[in-house]
Amino acid sequence: LPQTGRGAAGRQQPAAGQHAHDQGGPNAKRGNDLVKTGNHAEAVKAFQLALQEDPTRLQARHSMGDSLRAMGRHDEAIAAYRAVLKQNPQYYCCYTHIGDVEKSRNNTSVANSAYAKAIDGYQQQVQSGGPVASAAKFHLAKLYHDLDRNLPEALKFAEEANAATPNTFA
């Protein structure tokens with residue numbers, strides 16, 4: 001749908017459980033290109049510029065968190081992920097990333113709490129069906145696999161996600 005104006009009021013909001021997939025403009029694209037080459041420091045700068053242009057760009061903030069995490073700037077990465085969650089509490093992969101950071105710092109109980117929020121959120125999306133269910137199944141399967149939990153269910157979800165949208169989750 002065409003946008004009717006500038007600013008937050010003129011932007012189409014994502015449906016519940018979906019992420020805002022703003023292309024992010026040239027700075028976010030540049031940041032993504034820099035991530036592909038491993039230049040996370042410059043990528044962070046590009047994502048910051050994209051966020052100055054539009055602070056609601058969830059994907060740019062999420063990617064900035066990923067680059068900060070890759071550089072070992074864990075507190076800043078967690079802050080970026082929490083900012084994404086503040087804008088969209090259903091952006092469950094950020095809970096997974098927070099869990100990964102906390103796990104790397106041996107904060108097991110904090111990591112497990114973050115993982116539990118991600119699992120709960122993905123399970124809700126799977127149960128609700130609709131357009132986000134396949135992606136939720138994929139993310140839940142990956143999280144279960146990475147945590148070495150519920151592996152039979154992980155395989156089932158991965159197969160269902162792949163069957164629903166072949167070649168998407170390869």
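Computed from heavy atoms alone, side chains included, the values below leave out hydrogens, waters and symmetry copies.
For Asn39, there are no side-chain hydrogen bond (donor to acceptor under 3.5 Å, both in side chains) partners at least two apart in sequence or on another chain. Among residues two or more places apart in sequence or in another chain, the side-chain hydrogen bond (donor to acceptor under 3.5 Å, both in side chains) test is passed with Lys117 by none. Every residue meeting the ring pair (Phe, Tyr, Trp, His ring centres under 6.0 Å) condition with His97, not counting sequence neighbours, appears here in chain and number order: His62, Tyr81. Checked against side-chain hydrogen bond (donor to acceptor under 3.5 Å, both in side chains), Thr96 has no partners two or more places apart in sequence or in another chain. With sequence neighbours left out, the side-chain hydrogen bond (donor to acceptor under 3.5 Å, both in side chains) criterion links Tyr95 to no other residue. By the side-chain contact (heavy atoms from CB on, under 4.5 Å) test, Arg82 pairs with Ile78, Ile98, sequence neighbours left out.
Annotation: side chain of Gln90 is not in contact with side chain of Val132 (no heavy-atom distance under 4.5 Å). Contact of the Asn162 side chain with the Glu159 side chain is not registered, since no non-hydrogen atoms from C-beta on lie closer than 4.5 Å.
For the atom pair Leu140 CG and Ile119 CD1, the distance stands at 6.5 Å (nearest 0.5 Å). Rounding to the nearest 0.5 Å places CG of Leu34 at 10.0 Å from CG of Asn27. Rounding to the nearest 0.5 Å places OG of Ser63 at 11.0 Å from NE2 of His40. Separating the NE2 atom in His74 from the CG atom in Asn107 is a distance of 11.0 Å, to the nearest 0.5 Å.
When hydrophobic clusters are built by joining Ile, Leu, Val, Met, Phe, Trp and Tyr residues whose side-chain heavy atoms come closer than 4.5 Å, directly or via intermediates, Met64 is grouped together with Met71. One hydrophobic cluster, built from ILVMFWY side chains closer than 4.5 Å, cannot hold both Leu68 and Leu85; they sit in different ones. No continuous path of ILVMFWY side-chain contacts below 4.5 Å connects Val35 to Val101, so the two sit in separate hydrophobic clusters.
We find that Glu153 and Arg149 are not joined by a salt bridge, their nearest charged nitrogen and carboxylate oxygen being 4.0 Å or further apart.
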Does the pair Arg69 and Asp100 meet the rule for a side-chain contact (heavy atoms from CB on, under 4.5 Å), with working shown? CA-CA 10 Å; Arg69 181 170 52 135; Asp100 292 342; 3.6 Å; yes
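The salt bridge (Lys or Arg N to Asp or Glu O under 4.0 Å) contacts involving residues 122-145 comprise Lys137-Glu160, Lys142-Asp146, where partners must be two or more places apart or lie in separate chains. Residue pairs meeting the ring pair (Phe, Tyr, Trp, His ring centres under 6.0 Å) criterion with at least one partner in residues 116-136, sequence neighbours excluded, are Tyr92-Tyr122, Tyr122-His139. Among pairs with a residue in residues 103-112, those fulfilling salt bridge (Lys or Arg N to Asp or Glu O under 4.0 Å) read Asp75-Arg105, Glu102-Arg105, at least two apart in sequence or across chains.
In this structure a side-chain-to-backbone donor-acceptor pair under 3.5 Å is missing from Ser113 to Ser109. One N or O on the side chain of Asn32 and one on the backbone of Ala28 form a donor-acceptor pair closer than 3.5 Å.
Scanning both residues, Ala77 and Gly65, for their nearest heavy atoms gives CB-O, 3.4 Å. Counting all heavy atoms, side chain and backbone alike, Gln87 lies closest to Pro55 at OE1-O, 3.4 Å. Residues Leu58 and Tyr91 approach most closely at CB-CE1, 3.7 Å, considering heavy atoms. Residues Tyr144 and Leu151 share a closest heavy-atom pair of O-CD2, 3.9 Å. Minimum interatomic distance between Ala83 and Arg61 (heavy atoms only, all atoms of both residues): CB-CD, 3.4 Å.
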Per-pair distances, 0.1 Å, donor-acceptor, side chain in residues 42-52, under 3.5 Å, sequence neighbours excluded:
| residue | atom | partner | partner atom | Å |
| --- | --- | --- | --- | --- |
| Glu42 | OE2 | Lys45 | NZ | 3.1 |

